[in-house]
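To keep things clear, I will list the structure first and then write my remarks on it.
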Amino acid sequence: MPYVLLALAIISEVCATSCLKLTEGFSRLWPSVGVAIGYVLSFALLGRALKHIPVSVAYAVWSGAGTAAVAGIGVVAFGESLGRTQWIGLALVIVGVVVLNLKGGH
(Lines give C-alpha, C1' and ligand atoms only; values in the text may rest on other atoms or scores of the structure.)
Protein backbone atom coordinates (compact mmCIF):
# COMPACT_ATOMS: atom_id res chain seq x y z
CA MET A 1 0.00 0.00 0.00
CA PRO A 2 2.77 2.56 0.68
CA TYR A 3 4.02 2.24 -2.89
CA VAL A 4 0.49 2.74 -4.21
CA LEU A 5 0.33 5.96 -2.20
CA LEU A 6 3.73 6.96 -3.60
CA ALA A 7 2.57 6.23 -7.16
CA LEU A 8 -0.56 8.33 -6.62
CA ALA A 9 1.60 11.13 -5.17
CA ILE A 10 3.77 11.03 -8.29
CA ILE A 11 0.76 11.10 -10.62
CA SER A 12 -0.73 14.01 -8.71
CA GLU A 13 2.54 15.95 -8.78
CA VAL A 14 3.02 15.32 -12.49
CA CYS A 15 -0.51 16.53 -13.23
CA ALA A 16 0.01 19.65 -11.11
CA THR A 17 3.36 20.44 -12.70
CA SER A 18 1.95 19.91 -16.19
CA CYS A 19 -0.88 22.30 -15.39
CA LEU A 20 1.63 25.00 -14.44
CA LYS A 21 2.24 25.71 -18.12
CA LEU A 22 -1.51 26.08 -18.67
CA THR A 23 -1.88 28.69 -15.90
CA GLU A 24 -0.07 31.32 -18.00
CA GLY A 25 1.59 32.76 -14.91
CA PHE A 26 -1.39 31.95 -12.70
CA SER A 27 -3.60 34.24 -14.77
CA ARG A 28 -6.04 31.42 -15.66
CA LEU A 29 -8.26 30.27 -12.81
CA TRP A 30 -9.00 26.59 -13.43
CA PRO A 31 -5.49 25.46 -14.31
CA SER A 32 -4.27 27.40 -11.25
CA VAL A 33 -6.82 25.59 -9.06
CA GLY A 34 -5.64 22.30 -10.58
CA VAL A 35 -2.04 23.13 -9.68
CA ALA A 36 -2.94 23.92 -6.06
CA ILE A 37 -5.10 20.82 -5.61
CA GLY A 38 -2.53 18.60 -7.31
CA TYR A 39 0.35 19.74 -5.14
CA VAL A 40 -1.61 19.55 -1.88
CA LEU A 41 -2.81 16.04 -2.77
CA SER A 42 0.68 15.00 -3.83
CA PHE A 43 2.31 16.14 -0.59
CA ALA A 44 -0.44 14.57 1.49
CA LEU A 45 0.00 11.23 -0.27
CA LEU A 46 3.79 11.47 -0.08
CA GLY A 47 3.55 12.17 3.64
CA ARG A 48 1.40 9.08 4.12
CA ALA A 49 3.82 6.95 2.10
CA LEU A 50 6.73 8.18 4.25
CA LYS A 51 5.26 6.36 7.24
CA HIS A 52 6.51 3.12 5.65
CA ILE A 53 9.14 4.08 3.06
CA PRO A 54 12.51 5.67 3.94
CA VAL A 55 12.53 9.35 2.97
CA SER A 56 15.68 8.95 0.85
CA VAL A 57 14.04 6.29 -1.29
CA ALA A 58 10.57 7.83 -1.45
CA TYR A 59 11.79 11.29 -2.37
CA ALA A 60 14.21 9.96 -4.96
CA VAL A 61 11.45 7.93 -6.61
CA TRP A 62 8.93 10.78 -6.34
CA SER A 63 11.20 13.44 -7.78
CA GLY A 64 12.95 11.21 -10.32
CA ALA A 65 9.80 9.68 -11.74
CA GLY A 66 8.12 13.07 -11.73
CA THR A 67 11.03 14.67 -13.57
CA ALA A 68 11.07 11.98 -16.24
CA ALA A 69 7.29 12.02 -16.66
CA VAL A 70 7.07 15.81 -16.92
CA ALA A 71 9.89 15.83 -19.48
CA GLY A 72 7.95 13.27 -21.52
CA ILE A 73 4.74 15.26 -21.23
CA GLY A 74 6.61 18.38 -22.31
CA VAL A 75 7.73 16.60 -25.47
CA VAL A 76 4.39 14.97 -26.27
CA ALA A 77 1.82 17.53 -25.12
CA PHE A 78 3.67 20.83 -25.43
CA GLY A 79 5.91 20.17 -28.43
CA GLU A 80 9.11 20.73 -26.47
CA SER A 81 12.30 19.07 -27.64
CA LEU A 82 15.04 17.34 -25.73
CA GLY A 83 18.57 17.10 -26.99
CA ARG A 84 20.99 14.26 -26.45
CA THR A 85 22.36 15.87 -23.29
CA GLN A 86 18.88 16.15 -21.76
CA TRP A 87 18.11 12.50 -22.58
CA ILE A 88 21.39 11.47 -20.94
CA GLY A 89 20.47 13.55 -17.88
CA LEU A 90 17.08 11.84 -17.61
CA ALA A 91 18.76 8.45 -17.92
CA LEU A 92 21.15 9.38 -15.11
CA VAL A 93 18.21 10.43 -12.91
CA ILE A 94 16.56 7.05 -13.51
CA VAL A 95 19.82 5.18 -12.84
CA GLY A 96 20.28 7.17 -9.63
CA VAL A 97 16.81 6.25 -8.40
CA VAL A 98 17.45 2.58 -9.17
CA VAL A 99 20.78 2.66 -7.32
CA LEU A 100 19.15 4.27 -4.27
CA ASN A 101 16.61 1.46 -4.24
CA LEU A 102 19.19 -1.33 -4.30
CA LYS A 103 19.49 -3.22 -1.04
CA GLY A 104 23.03 -3.10 0.22
CA GLY A 105 24.80 -4.10 3.38
CA HIS A 106 26.81 -1.67 5.49
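Both backbone and side-chain heavy atoms feed into the values below; hydrogens, waters and symmetry mates do not.
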Any side-chain heavy-atom pair of L45 and L6 under 4.5 Å: no
Side chain T17, main chain V14, donor-acceptor under 3.5 Å: no
For S32 against S27, the heavy-atom pair lying closest together: OG-N, 4.5 Å
Gap between atom CG of L46 and atom CG of L5 - 0.5 Å precision: 10.0 Å
Minimum heavy-atom distance between A68 and I94, given as atom pair plus value: CB-CD1, 4.4 Å
F26 side chain near V35 side chain, heavy-atom distance below 4.5 Å: yes
Co-membership, hydrophobic cluster, residues I11 and V61, 4.5 Å side-chain: no
Minimum-distance pair of heavy atoms, taken over all atoms of A58 and L50: CB-CD2, 3.4 Å
Any residue meeting side chain to side chain contact (heavy atoms under 4.5 Å, CB included) with T67, in chain and number order, not counting sequence neighbours: L90
Heavy-atom closest contact (V93 atom, G64 atom, distance): CG1-CA, 3.6 Å
Interatomic spacing from CD1 in I73 to SG in C15 - rounded to 0.5 Å: 6.5 Å
Point-to-point distance, once rounded to the nearest 0.5 Å, from CE of M1 to NZ of K51: 11.5 Å
Closest non-hydrogen atom pair, E13 against G66: OE1-CA, 3.6 Å
A9 backbone acceptor or donor facing S42 side chain under 3.5 Å: yes
Which atom of L22 lies closest to which atom of R28, heavy atoms considered: O-NH1, 3.0 Å
Transitive ILVMFWY side-chain link I53 to W62, under 4.5 Å: yes
Within one Ile-Leu-Val-Met-Phe-Trp-Tyr cluster: V40 and L20, side-chain cutoff 4.5 Å: no
Full working for side-chain contact (heavy atoms from CB on, under 4.5 Å) between L100 and Y59: CA-CA 10 Å; L100 275 173; Y59 189 73; over 6 Å; no
Hphob cluster co-occupancy, I37 + Y39, side-chain heavy atoms under 4.5 angstrom: no
Residue list, side chain to side chain contact (heavy atoms under 4.5 Å, CB included) with Q86, at least two apart or on another chain: L82
Connected via hydrophobic side-chain network under 4.5 Å: F43 and L41: no
